[in-house]
Amino acid sequence: MKALFLAGGFGNRLRPITNYLPKPMVPVMGKPLLERNIERLKKHCIDEIVLSTCYKPREIKNYFGDGRRWKVKISYISEDTPLGTAGAIKNAERFFNESFLVFNSDIVSDIDISDMIRFHRERGALATIAATRVDNPSDYGVIEHDEEGFITSFKEKPRRHETNSNLINAGVYIFEPQLLNEIPCGKAVSVEHETFPLLLRKGYKLAVYNRCSYWLDLGTPEKYLKVHRDILEGVFQSEDYDFCRNPQFISNTARINPSATIIGPVYIGNNVEIGAFSVIGPNTVLCDSSSVGIGARIEGSVVWDHVHVGNGASIIDSIVMSNCKVDKEIKKSSIIYAGNLSYSIAAVR
Ligand code: GDD
Ligand code: MG
């Protein structure tokens with residue numbers, strides 16, 4: 001089965017991070033989310049992938065190339081102007097002549113794709129939509145279904161009084177190719193606002209797959225910090241680190257001054273240098289090749305690579321992007337990004 005990633009969105013709610021990177025390239029534990037999702041698919045023997053890009057397409061293509069490094073075949077489609085989620089799917093029509101997977105590119109989840117494919121085949125539906133429960137469904141596509149698990153209503157970002165359901169579209173679908181006949185060509189169309197409601201009106205069977213235990217979309221800086229906290233606390237098991245078993249992952253190329261205090265859970269990447277009397281953690285990720293000065297403090301934060309944290313500086317509950325120098329106290333919930341100065345700060349909303 002082939003998989004299509006919808007990777008063209010502007011990621012507006014994740015600015016200023018997405019001023020520099022398209023959302024699929026935003027690193028989770030130092031590795032682009034899209035790379036993590038491709039690796040996950042490969043484990044389910046999905047090795048033909050189509051990336052539908054629009055915003056900053058070169059950043060994606062330059063990184064993944066033809067996919068050889070991941071032992072997958074990657075093809076690209078790029079839109080000059082956004083075609084919307086359904087328009088992007090229609091635009092990739094030529095790649096699909098049998099059931100295919102579609103992913104939003106900002107999803108972190110433990111959905112068992114092989115199980116979802118089996119489920120889709122058993123249900124014999126035109127589409128299967130993965131779903132999960134959330135506290136605030138009005139930010140999402142809200143699903144209602146009948147006793148047999150077929151969808152009866154799909155409302156994208158409804159107001160509170162418009163639905164009683166807290167079951168939402170998790171942004172992972174399996175479609176039969178006939179579904180493509182229901183999307184008009186060459187114009188912007190939303191799969192959530194237009195195609196799903198249209199299919200329901202026409203009486204097609206859309207099945208709901210509700211079996212994932214961890215799910216989060218990387219839509220906002222708060223969620224970006226949350227996914228790291230969840231990995232560090234072992235709530236979500238990332239493929240490469242088991243923080244339940246070992247709450248302190250410290251690369252053996254890291255150099256830590258013996259007088260520094262490391263409080264787990266913590267991740268310290270390759271070639272990180274940590275100065276005397278500094279305190280690192282808990283809930284902190286320090287990616288590769290960063291350095292931390294004497295007496296500095298970093299807590300609840302994600303620090304990307306090649307960052308320099310000066311003597312006595314502190315970074316609390318914040319995100320520091322690559323190549324920044326931080327030389328003072330960074331208040332809670334900030335995003336530090338490289339600008340003309342040594343850093344610029346944006347508040348996490
Ligand atoms: N190629 C392309 N072209 N991709 C697009 C376009 C486009 O015009 N617009 C959005 N995308 C991609 C985004 O990059 C993202 O991966 C995915 O489509 C969904 O867009 P978001 O902007 O992230 O949508 P959302 O978070 O508001 O809502 C969607 O995701 C929720 C789950 O996180 C919807 O699918 C909701 O129904 C769902 O609950
Ligand atoms: Mg999203």
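All heavy atoms count here, side chains included; hydrogens, waters and symmetry mates do not. Whatever order the structure lists ligands and atoms in, that order sets their numbers, starting from 1. Residue indices begin at 1 and follow the sequence shown.
- Salt bridge Glu39/Lys42: absent, no basic N to carboxylate O contact under 4.0 Å.
- Phe150 carries Arg123 over the face of its six-membered ring, with the cationic atom under 6.0 Å from the centre and within 45° of the normal.
- Among all protein heavy atoms, the one lying closest to atom 8 (O) of ligand 1 is Gly84 N, 2.8 Å.
- Ring geometry, Phe243 versus Tyr241: the interplanar angle falls from 30° to 60°, so the pair is classed tilted.
- No part of Phe10 comes within 4.0 Å of ligand 1, judged by heavy-atom distances.
- Atoms of ligand 1 found under 4.0 Å from any heavy atom of Asp106, numbered from 1 in the order shown, are 23 (O).
- With a 4.0 Å cut-off on non-hydrogen atoms, Asp217 touches ligand 1 through its side chain and not its backbone.
- A single hydrophobic cluster is seen to contain both Leu218 and Tyr20, as judged by linkage of ILVMFWY side chains at heavy-atom distances under 4.5 Å, directly or through other members.
- Checking Gly9, Ala7, Gly171 against atom 10 (C) of ligand 1, the nearest heavy atom belongs to Gly9.
- Residue Ser52 touches ligand 1 through backbone and side chain together, judged by heavy-atom distances below 4.0 Å.
- Residue Ser301 holds its OG atom at 10.0 Å from CD1 of Ile280, rounded to the nearest 0.5 Å.
- Put simply, the side chain of Ile129 does not reach to within 4.5 Å of the side chain of Val208, judged on heavy atoms.
- Of all the atoms in ligand 1, the ones that sit under 4.0 Å from a non-hydrogen atom of Trp215 are 32 (C), 33 (O).
- Within the structure, the closest approach of Gly219 to ligand 1 does not fall below 4.0 Å when heavy atoms are considered.
- In terms of protein heavy atoms, atom 28 (O) of ligand 1 is closest to Lys157 NZ, 3.4 Å.
- Protein heavy atoms come within 4.0 Å of atom 4 (N) of ligand 1.
- You'll find the side chain of Phe154 reaches within 4.5 Å of the side chain of Glu192, heavy atoms only.
- In Arg13, the part holding a heavy atom less than 4.0 Å from any atom of ligand 1 is the side chain.
- With respect to atom 15 (C) of ligand 1, the closest heavy atom belonging to the protein is Leu6 O, 3.6 Å.
- Proximity of Phe196 to ligand 1, defined as any heavy-atom pair under 4.0 Å, is not found for any part of the residue.
- By the criterion of a heavy-atom distance under 4.0 Å, the backbone of Leu83, and not its side chain, is placed next to ligand 1.
- Using a cut-off of 4.0 Å between Lys/Arg side-chain N and Asp/Glu carboxylate O, Lys73 and Asp66 are scored as not salt-bridged.
- At a heavy-atom distance under 4.0 Å, no atom of Ala188 approaches ligand 1.
- Minimum-distance N/O/S atom of Asp106 relative to the Mg ion (ligand 2): OD2.
- Remark: ligand 1 atoms within the under-4.0 Å shell around heavy atoms of Pro82 are 8 (O).
- Two rings, from Trp215 and Tyr140, have their centers less than 6.0 Å apart.
- Among Val172, Asn169, Asn91, the residue whose heavy atom sits closest to atom 39 (O) of ligand 1 is Asn169.
- Between Phe64 and Phe5, the distance from one ring center to the other does not fall under 6.0 angstrom.
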